[in-house]
Amino acid sequence: MVEVAIMGFGVVGSGVAEVLTSHQESIARRAKQEIHIKYILDIRDFADSPYASKFTKSFETILNDPEIKVVAEVIGGLNPSYDYVKQLLQNGKSVVTSNKELVAQKGAELLKIAQDNNVNFLFEASVGGGIPIIRPMNQCLAANDVIEIAGILNGTTNFILTKMIREQMTFDDALSMAQRLGYAERNPAADIEGLDACRKICILASLAYGRHVYPDQVHTQGITNITLEDVAYAEDWGGVIKLIGQAKKLENGQIQVVVAPMFVGRESQLAGVDDVFNAILVRGDATGDVVFYGKGAGKLPTASAVVADIIDCVKHTEKRIYLYWADAQEGYVSDYEESVIPVYMRATAPGMDDETAVGIADELFGGVRRLYRDNAPREEIAFVTKELPLREIKRLRDELEHRGVSVISMVRISDLT
Ligand code: HSE
C-alpha cells in the first residue's frame, strides 16, 4: 500500500479524494498496489466531510512523514504552492499538480529539482483538464518535430463565446453561468483576460520545444472586448471567434507564441469546439495534425487527470519518468509585432458615408475585404486586411483614425485550416 496526501480541498482536491475512493479497486489494479489517502491539507475545517479524520493544517506533518510517497498539489496559485512543492521534491516525494500557474512560472526549476532528487513532478491536469495532452506529447509524439500547437485552452471563455455565438447571450450573463458551473478560476479575470490560456500554451510550448516559455514573454489578449457585433461579422467572413493559444517554431529557431481571440474559419477542426470543451491541435512533421478534444475544466475531468498522475508516480517510485525542459533563453520568443497576419477591423466614421470610409481603408491597407451584418448603423464599417506585419497594421490603423475612421475593434484572422 502507498500513502498519499492531497494539498487543497477545493473543487479539484475534493474531486481527487472522490475519484481515489470511488475507483479504489480499479486504481489498485492499475497501480499494482492500493493507494491510501493519509492526509488532506487545508486551512479550512470540514467536520462533516467523510474524510474528516484525514484533515491537517500542518504542511510539515506531510513533509516529514516518511510514509508519504506522493503528494497531489491542488491548492492553485504560487503561494504557498511553490514553496511546498519545492520542499516536497527536495525531501524525496513525488508531486503531481493541476496548478498551471505553478508549472508555467516555475516548471523548469521544479523539473530540475525533481531530476536531482530522483522523484517525479507530473502535471497532466494543468492543461486541458481531463484531456490527455502532456503524456501524449511527451511520449507518443516524441518522434516528431512539433511544427505548431494551437488550442482552445480555456473552458470558461469558450463557454462564453459559444453562448454569445449560438444564443446571443451577453458576455456578463454567460460568465455568471460559467462561474455557477464551476468552470471559472477563483478570480475569473484570469480566464477572460487570457492569462489562464497563456499559462497553458506556455506549458505546451515548453514541453514541445524543450525550453521554458514564461507567461510574461507571451502577447496575451482576452475576450473582454469581443461583442455580438464582432460575432456577426465573423459569421459573414465565414467563421467564428475563438480564444486561441498558438505556438510555432520559426525558421530562424525562435518560437512565436500568442494568446488572442481569432477569427477561425468554419472548416477548421477548432471552429466546432463549443461550450466548456477544449481542443488542442498538435501539428507534427511525421504525424500531420493530431487533435485532442474533451472537457477542459470541471471537478471530475481534472481530478481524473490528477489521479492518473498519482498512479503513474506509484508505478514509478524507484525511477523517474523522463519529463524535462531547460530554462528560458534571451531572444528565444519572437517579437509579437513582427507577426505577419491579416486582421479584422470594425470602425465608425461619423459624418462620412460608408463607401468613403471603406475607400480610405482600401487605399491605406492596399485592398480590404468588406464585411456586412444586419442592422449595422450607417456609419459603421468592417473589413479584413491583407497579411501585413502587425507593426505596419498598427501604423496604418493610426493613419485611418487620423483620416476620421475610428477603429472600435481589431481581431486577428487565424491561419488555422
Ligand atoms: N478556468 C479554467 C478553464 C479551468 O475555464 O478552462 C481549467 O483550467
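Both ligands and their constituent atoms are indexed starting at 1 by order of listing. Just so you know, these numbers use all the heavy atoms, side chains as well, and skip hydrogens, waters and symmetry mates.
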With hydrogens left out, which residues have an atom under 4.0 Å from ligand 1, given that only heavy atoms count?
Lys100, Asn154, Gly155, Thr156, Tyr183, Ala184, Glu185, Asp191, Asp196, Lys200, Gly296, Ala297
Given 3.5 Å as the limit, does a donor-acceptor pair link the side chain of Thr317 with the main chain of Cys313, or not?
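Checking the backbone N and O of Cys313 against the side chain of Thr317, no donor-acceptor pair under 3.5 Å is found.
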Using the salt bridge (Lys or Arg N to Asp or Glu O under 4.0 Å) definition, which of the options Lys163, Lys295, Lys242 pairs with Asp274?
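Checked Lys163, Lys295, Lys242 against Asp274; only one passes salt bridge (Lys or Arg N to Asp or Glu O under 4.0 Å): Lys242.
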Under the side-chain contact (heavy atoms from CB on, under 4.5 Å) rule, collect the residues that match up with Leu63, sequence neighbours excluded.
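Result, side-chain contact (heavy atoms from CB on, under 4.5 Å) vs Leu63: Phe59, Gln87, Leu88, Asn91.
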Contacts of Ser49 meeting side-chain contact (heavy atoms from CB on, under 4.5 Å) (sequence neighbours excluded), chain-then-number -> Phe9, Phe46, Tyr51, Phe55
By ring pair (Phe, Tyr, Trp, His ring centres under 6.0 Å), Phe171 pairs with (sequence neighbours left out) none
Aromatic contact between Tyr82 and Tyr84, with the criterion being ring centroids under 6.0 Å apart: yes or no?
no
